[in-house]
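Working notes for the structure below.
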Amino acid sequence: MRVAIVHDWLDTWRGGENVLAEIAALYPDADLFALVDFLPAAERARLGGRRATTSYLQRLPGARRHFRKYLPLFPRAIASLDVGAYDVVISISHAVAKGVRIREGQRHFAYCLTPMRYAWDLRDTYFRRGTPAAWLRPLADPVLDRIRDWDRASNDGVTEFAAISAFIAERIARHYARPARVIHPPVDTDWFTPGAAPPSYGFYLAASHWVPYKRLDAVVAAFAGLPERRLVVAGSGPDVARVQRAAPANVAFAGAVPRAKLRDLMRDARAFVFAAEEDFGIAPLEAQACGTPVIAYGRGGVTETIVATGEHPTGAFFGAQSAEAIATAVRAFEARSVPIDAAACRANAERFGTARFRREIADWTGVPAAPAAAATP
């Protein structure tokens, strides 16, 4: 049985690429397709060295650095990828991958990270007044309206949907009028582990790609009101410079850090602070896998992955994406009569491991795992 895997694009490594790596390992003979593939060589090893067959966007001027500016061309570009020779197509989509053209008789399983955020639910957040993209709103709205219409119509080519969380399954039902099985993404609990040495607990940690909906600006502002605590912020993106200029002295910016350094930071942090309304939220689970509790905004996918009540909590929620709410939550976390147990955090993260993910994907698609993949723990 021939399998094609379709990804939106490959230029850096984030949560969607973790999903891709596990599905690629599950089906090592599958061929990979994407709009563009500019993945650095150092990160390609996690795909077994595999390269994607790409669309014509790969060859357009400036595509390596600015392919996102070709957004109006994305629907036509994804349709240009020829997957007609395959029995099964598995798309991993937060943008347009699920819109790949399917022939009659093919089965198309769409693993939906989210319906396209900036076309559907988070347009106001991406173009919020005061952000670098705000001035683009009048130009962007007509383009995004057309893409949203295309996105809804392209669902006809999907045999079955799976969603990364119940939160996203509800969004799929609302926007696409389609049911979706929930298959939580994989967490690499073999890599993200507690350290051998006792944690320093010398700082709080926030880590994410810097885009507006992550609300790292609110986390940084919260620590302006907590001058006796220290915050370390890891990650890079378009909002870094703006937030850094207004940051207080007790906030340190680590920039984009290697995976090993991120793990070290998670192991030593007093807690991981997360302010996004996230579709799933892989970083809070990676922190828990390191034995670190999480203080998070109590909406979205994190409500499925953080235990805030009962005998074995792994974190706490705050109710608003504001500096005041985050600062109050930090103070309440420190005032707990019984500290959150690192072992409880670790045990909770282990429920989302890679072996579980591979079993659920194979069951959903009906395509058995390759023997080597099936034996991988």
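Throughout, residue positions are numbered sequentially from 1 according to the sequence presented.
Between F317 and F274, the distance separating the two ring centers is not shorter than 6.0 angstrom. The aromatic ring centres of H184 and F280 sit less than 6.0 Å apart. Taking the six-membered ring for Trp and the full ring otherwise, F109 and F161 have centroids separated by 6.0 Å or more.
If you take NE2 on H7 and CG on L20, they are separated by 5.0 Å, rounding to the nearest 0.5 Å. One distance of note links SG of C112 with CD1 of I92; it measures 11.5 Å at 0.5 Å rounding. Distance check: L35 CG to L10 CG gives 9.5 Å after rounding to the nearest 0.5 Å. Here L285 contributes atom CG and E350 contributes atom CD; the two are 11.5 Å apart, rounded to the nearest 0.5 Å. Atom OG1 of residue T292 and atom CD1 of residue I340 lie 10.5 Å apart, to the nearest 0.5 angstrom. Once rounded to the nearest 0.5 Å, the distance linking NE2 of H175 with OG1 of T114 reads 7.5 Å.
By the 4.5 Å heavy-atom criterion applied to side chains, R51 and R44 are counted as neighbours. Using a 4.5 Å heavy-atom threshold, the side chains of V187 and T354 count as separate. Looking at E334 and R270, their side chains come closer than 4.5 Å, going by heavy atoms from C-beta outward. Under the 4.5 Å side-chain criterion, counting only non-hydrogen atoms from C-beta, I78 is not in contact with S55. Considering only heavy atoms from C-beta on, R356 comes within 4.5 Å of F352 through its side chain. Side-chain contact between R101 and Q106 is absent, with no heavy-atom pair separated by less than 4.5 Å. Taking 4.5 Å as the limit, every side-chain heavy atom of L57 sits out of range of all side-chain heavy atoms of R76. In this structure, D279 and L113 have side chains that are not in contact, with every pair of non-hydrogen atoms separated by 4.5 Å or more.
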*Step by step, work out the ring-ring contact (aromatic ring centres under 6.0 Å, His included) result for F33 and Y86.*
CA-CA 12 Å; F33 295 80; Y86 299 87; 5.7 Å; yes

*Show the numbers, then the answer: is there a side-chain contact (heavy atoms from CB on, under 4.5 Å) between I295 and Y204?*
CA-CA 10 Å; I295 303 170; Y204 289 86; 4.1 Å; yes

_The test is side-chain contact (heavy atoms from CB on, under 4.5 Å); show your working for R215 and D217 and say whether it passes._
CA-CA 5 Å; R215 296 311 313 271; D217 58 331; 3.0 Å; yes

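Of the charged side-chain nitrogens involved, at least one lies within less than 4.0 Å of a carboxylate oxygen, so that R2 and D31 count as a salt-bridged pair. Ion pair R64/D37 not flagged as a salt bridge, since none of the NZ, NE, NH1 or NH2 atoms sits closer than 4.0 Å to an Asp/Glu carboxylate oxygen. Remark: R148 engages D145 in a salt bridge, criterion side-chain N to carboxylate O under 4.0 Å. Between D363 and R358 there is no salt bridge, since no side-chain N of the basic residue sits under 4.0 Å from a carboxylate O of the acidic one.
Seen from the ring of Y111, K98 does not count as a face-on cation partner, given the 6.0 Å and 45° thresholds. With F192 as the aromatic partner, R263 does not meet the cation-pi criteria of under 6.0 angstrom to the ring centre and within 45 degrees of the ring axis.
Under the 3.5 Å distance criterion, with hydrogens and angles disregarded, no donor-acceptor pair is assigned to the side chains of H312 and D341. A donor-acceptor contact closer than 3.5 angstrom is absent between the side chains of T193 and R346. Between H209 and S236, the side chains place no donor N or O within less than 3.5 Å of an acceptor N or O (distance only, hydrogens not considered). Under the 3.5 Å distance criterion, with hydrogens and angles disregarded, a donor-acceptor pair is assigned to the side chains of N348 and R351. A donor-acceptor contact closer than 3.5 angstrom links the side chains of T314 and Q288. A donor and an acceptor atom, one from each side chain of Y213 and E278, are located under 3.5 Å apart. Between the side chains of H108 and E160, not a single donor N or O lies within less than 3.5 Å of an accepting N or O.
When all heavy atoms are compared, the tightest approach of Y27 to A362 is OH-CA, 3.6 Å. Annotation for I306 and A296: closest pair CD1-CB, 3.7 Å, computed over non-hydrogen atoms. A pairwise comparison of heavy atoms in A327 and L226 identifies CA-CD1, 3.9 Å as the closest pair. For the residue pair I90 and V3, the shortest heavy atom distance occurs at CD1-CG1, 4.1 Å. The two residues A369 and L26 have their closest heavy-atom pair at CB-CD1, 3.3 Å. The two residues A163 and A169 make their nearest non-hydrogen contact at CB-N, 3.5 Å.
Applying the 6.0 Å contact sphere to CD of E104 captures no more than 12 heavy atoms from other residues, nucleotides or ligands.
Partner of L39 under the side chain to side chain contact (heavy atoms under 4.5 Å, CB included) criterion, chosen from D11, T12, L47: L47.
Hydrophobic clustering (side-chain heavy atoms under 4.5 Å, transitive across Ile, Leu, Val, Met, Phe, Trp, Tyr) keeps V220 apart from F203. One hydrophobic cluster, built from ILVMFWY side chains closer than 4.5 Å, cannot hold both M266 and F223; they sit in different ones. Residues V307 and V302 do not share a hydrophobic cluster, defined by chaining ILVMFWY side chains whose heavy atoms lie under 4.5 Å apart. Transitive grouping of hydrophobic side chains (ILVMFWY, heavy atoms separated by less than 4.5 Å) brings V219 and V233 into a common cluster.
Of the possible donor and acceptor atoms, one in the side chain of R178 sits under 3.5 Å from a partner among the backbone N and O of V158.
Between F74 and W9, the ring-plane angle classifies as tilted under the 30° and 60° cut-offs.
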